[in-house]
Amino acid sequence: MRMVLFLAVVANSVDLVFTTLGIHRFDNREGNPLLAGLVQNHWWVFVLLKGLVIPLLILQLNAYRKGSPRLATAGMIVVTIALTVAVGQWLGWMAGRMSVAAMLKL
């Protein structure tokens with residue numbers, strides 16, 4: 001369970017960094033694949049959500065381990081998978097954009 005907790009926190013941090021890079025460096029106005037509308041219209045709320053609320057959710061799920069370990073583990077796995085998918089989508093989008101820009105010499 002410690003590994004899943006660690007992976008959830010790392011995936012959240014990496015997703016926030018890739019979202020920032022994708023929007024501000026690569027001009028992706030779509031934003032985070034899971035929270036696109038929030039990123040486009042309210043950047044500061046997105047940063048607050050990703051930087052504060054999601055880590056608190058992860059810590060709360062970790063605290064629930066003693067009371068209901070199966071539910072806490074399942075919740076932590078769902079959060080980790082969702083964040084990992086978002087990071088993968090960012091990596092794919094950035095790699096595609098960089099390769100097309102290299103082919104077109106942009």
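No donor-acceptor pair under 3.5 Å is formed between the side chain of Thr73 and the backbone N or O of Arg70.
Hydrophobic clustering of Ile, Leu, Val, Met, Phe, Trp and Tyr side chains at less than 4.5 Å, counting indirect connections, unites Val47 with Val87. Under a hydrophobic clustering in which Ile, Leu, Val, Met, Phe, Trp and Tyr are joined whenever their side-chain heavy atoms come within less than 4.5 Å, directly or via other members, Leu48 and Phe18 fall into different clusters. Residues Ile81 and Val79 share a single hydrophobic cluster, defined by chaining ILVMFWY side chains whose heavy atoms lie under 4.5 Å apart. No continuous path of ILVMFWY side-chain contacts below 4.5 Å connects Val10 to Val78, so the two sit in separate hydrophobic clusters.
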N/O donor-acceptor pairs under 3.5 Å from side chains in residues 52-59, not counting sequence neighbours:
none

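The side-chain contact (heavy atoms from CB on, under 4.5 Å) search around Val17 returns Leu21, not counting sequence neighbours.
To the nearest 0.5 Å, the span separating CG on Leu7 from CG on Asn12 amounts to 12.5 Å. Annotation: the span from Met76 atom CE to Gln60 atom CD amounts to 10.0 Å, rounded to 0.5 Å.
Listed by first then second residue, pairs satisfying side-chain hydrogen bond (donor to acceptor under 3.5 Å, both in side chains) with a partner in residues 74-85 number zero, not counting sequence neighbours.
Across Ala11 and Leu83, no two heavy atoms sit closer than the pair CB-CB, 3.7 Å.
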